[in-house]
Structures are given as C-alpha cells and as structure tokens.
There are 2 protein chains.
Amino acid sequence: MSYATKHIADALKAARESKGLSQRALSAKSGVPQGHISKIENGAVDLRLSSLIELARSLGLELVLAPRNALPAVKSVLRGAGNEISIRPAYSLDEDDHG
Amino acid sequence: MSYATKHIADALKAARESKGLSQRALSAKSGVPQGHISKIENGAVDLRLSSLIELARSLGLELVLAPRNALPAVKSVLRGAGNEISIRPAYSLDEDDHG
DNA sequence: GCATTTGATCCGTTAAAATATATCATGACA
DNA sequence: TGTCATGATATATTTTAACGGATCAAATGC
C-alpha cells in the first residue's frame, strides 16, 4: 500500500491503542469486523471512505482535507491537541469526547 | 451517502473549481477517469482511500486525521490558509487563487 | 448553424473491499 | 494446567469501486 494510506492506518491504530480499546471492542463500537480492522491497521486493504470515517468517528477522530501548504500549521495545532493530556489533571484521565 | 463523505466530496469539488480545472483536466492530472470524478463529486460512490488521496494530492490537498476536539483550532488555521491570498501581493495571483 | 467544452450518465468487465465465521499463536493470569 | 483476551489469518461469498469508452444535454464560441 502507498505511503499515505499506511500513514492513515498507523494513525488509526495509535488512536485505538491510546484509548485502550481492543480490536474487538472497536469492532463492537464501529460495526467493522475485528478481522477487517486488523487488515486495515496493517495496511493490507485499501479501505473505503465510509469505513475510514466510521472507524475514525468511533475513535473521536475526524477526517480533514487541508491544503498542502497549510500542513505545518495544522500539525502544530494537532501537536498541541495531543499534549492536551499533559495539561489535564491526572485524576481526569478518562474519555473526553462525546458519549 | 453519509453526511461526512458528502463533505469530503464537496471539498474536492470546491478545490478543483478554485483551481480552474475541468473534470477532464483533473482526470489527466490524476489518472482518474472523468466519469468517475463526476460520480465522486456527486457523492454517488464510496471511494477508496487511495483514490481519495490521489485526487486530493492532484489538487494540492492532504488528508489529515484530527481529534474531534481539535477541529475548531484546525479549522481556524485552515481559514487562515485560505486567506493567504489576501496576504499575497495582487500581482502574484497565479495558481492557487479563488475565483 | 456547427463545433467544442463541460459535467452527468450508461454499459460491461474486472479487481478487490466487506462481510461472516472460524481458527491459530501468543501472552496473561488464576 | 486450563482459560481467556488479543491480534493475525483463512475461506467463501456478496457487493461494488474502478475502469474504458461511449453518449448526452447544456452552455460557449466561432
């Protein structure tokens, strides 16, 4: 698979693990079969947009189409969002998104 | 077709038009058949990730996976990227302008 | 009036995603 | 030792994106 699709796959896997979800748990949440999630995370499939969005949503992620020249700024913002955990008090390390 | 996929489709179409490209021109650039581009822009197909990336790249766009709670900040940055035109001197309104 | 461009649509074929279901190896753990 | 959860695979089937290529209607231009 192409370099870009692999990047997305890695991001999905990292997001899942950071939430402490197993592939089967994510499967239950998203409706995507566990076996298929495994293939997706390993870049073994060229998944459809609807699958990607569904999976991303289940992980509290959104797909954004950004101009290439705006990427550095976007990444900078996302770095900040990632570090948000360190800003939070330790006693509220739970789930931050929707229900 | 889901609300989210439609959003992506619209973004692709807007990006293409803002570059003054016809569907056939984009087809030549990206390798994706014109008929298929039409379907994609109308949300008539659930396209594959590789197709989306290929098309986006041909339009100078990149796919980003962002935490939902970081979306406002990201959008704010992208708004700035869009306004980049106004920062540029008028005599260099070349490729990435908006009509 | 005729030719060109554009986006939308159709047909037939092929490749592959998505699915359900089951299995396997590994590691954790009581 | 046996059980359980995990991720990776296997098989078989259905669905459908992607493709080439043609066509069409509506603008646009000569």
To the nearest Å, how far apart are [X] [atom1] and [N] [atom2]?
X: A:Glu17; N: D:dA8; atom1: CD; atom2: P; result: 9 Å
X: B:Glu41; N: C:dG7; atom1: CD; atom2: C1'; result: 9 Å
X: A:Arg48; N: C:dA18; atom1: CZ; atom2: C1'; result: 6 Å
X: B:Leu21; N: C:dT6; atom1: CG; atom2: C1'; result: 13 Å
X: A:Glu54; N: C:dA18; atom1: CD; atom2: C1'; result: 11 Å
X: A:Ile40; N: C:dT19; atom1: CD1; atom2: C1'; result: 12 Å
X: A:Ile37; N: C:dA18; atom1: CD1; atom2: P; result: 12 Å
X: A:Asp46; N: D:dT16; atom1: CG; atom2: P; result: 17 Å

Should A:Ser51 be listed as having a side-chain N or O under 4.0 Å from OP1 or OP2 of C:dA17?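 No, A:Ser51 has no side-chain N/O under 4.0 Å of OP1/OP2 on C:dA17.
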It should be established whether A:Ser22 places a side-chain nitrogen or oxygen under 4.0 Å from OP1 or OP2 of nucleotide D:dA5.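 Looking at the OP1 and OP2 atoms of D:dA5, neither is under 4.0 Å from any side-chain N or O of A:Ser22.
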Taking only the side-chain heavy atoms of B:Lys39 (C-beta and beyond), determine which of D:dC19, D:dG7, D:dA17 contains the nearest atom.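 Among the listed nucleotides, the one closest to the side chain of B:Lys39 is D:dC19.
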Starting the side chain at C-beta, find the nucleotide from C:dA8, D:dG7, D:dT16 nearest to B:Asn42.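 Of all the options, the side chain of B:Asn42 is nearest to C:dA8.
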Quick one: closest heavy-atom pair of [X] and [Y], and the distance?
X: B:Leu55; Y: B:Ser30; answer: CD1-OG, 3.4 Å
X: A:Ala66; Y: B:Leu78; answer: CB-CD2, 3.7 Å
X: A:Ala73; Y: B:Val77; answer: CB-CG1, 3.5 Å
X: A:Gln23; Y: A:Ile37; answer: O-CD1, 3.6 Å

Could you tell me whether the side chain of [X] and the main chain of [Y] form a donor-acceptor pair under 3.5 Å?
X: A:Arg16; Y: A:Leu21; result: yes
X: B:Ser76; Y: B:Pro72; result: no
X: B:Asp46; Y: A:Ser50; result: yes
X: B:Ser51; Y: B:Leu47; result: no
X: A:Ser27; Y: A:Val32; result: yes

Reckon A:Leu47 touches a base, only the sugar-phosphate, or nothing at all at heavy-atom distances under 4.0 Å?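 The answer is sugar-phosphate, as A:Leu47 gets under 4.0 Å only of primed atoms, P, OP1 or OP2.
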I'd like a list of close polar pairs between nucleotides 25-30 of chain C and the protein, N/O only, cut-off under 3.5 Å.
none

Give the residues of residues 24-36 of chain B touching DNA chain D, defined as any heavy atom closer than 4.0 Å, sorted by residue number.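 When residues 24-36 of chain B is checked for heavy atoms under 4.0 Å from DNA chain D, the hits, listed by number, are B:Arg24, B:Val32, B:Pro33, B:His36.
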If you find the nucleotide of DNA chain D closest to A:Ser38 and the one closest to B:Leu49, which residue's nucleotide is nearer the 5' end?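 Between the two, 5'-proximity favours A:Ser38.
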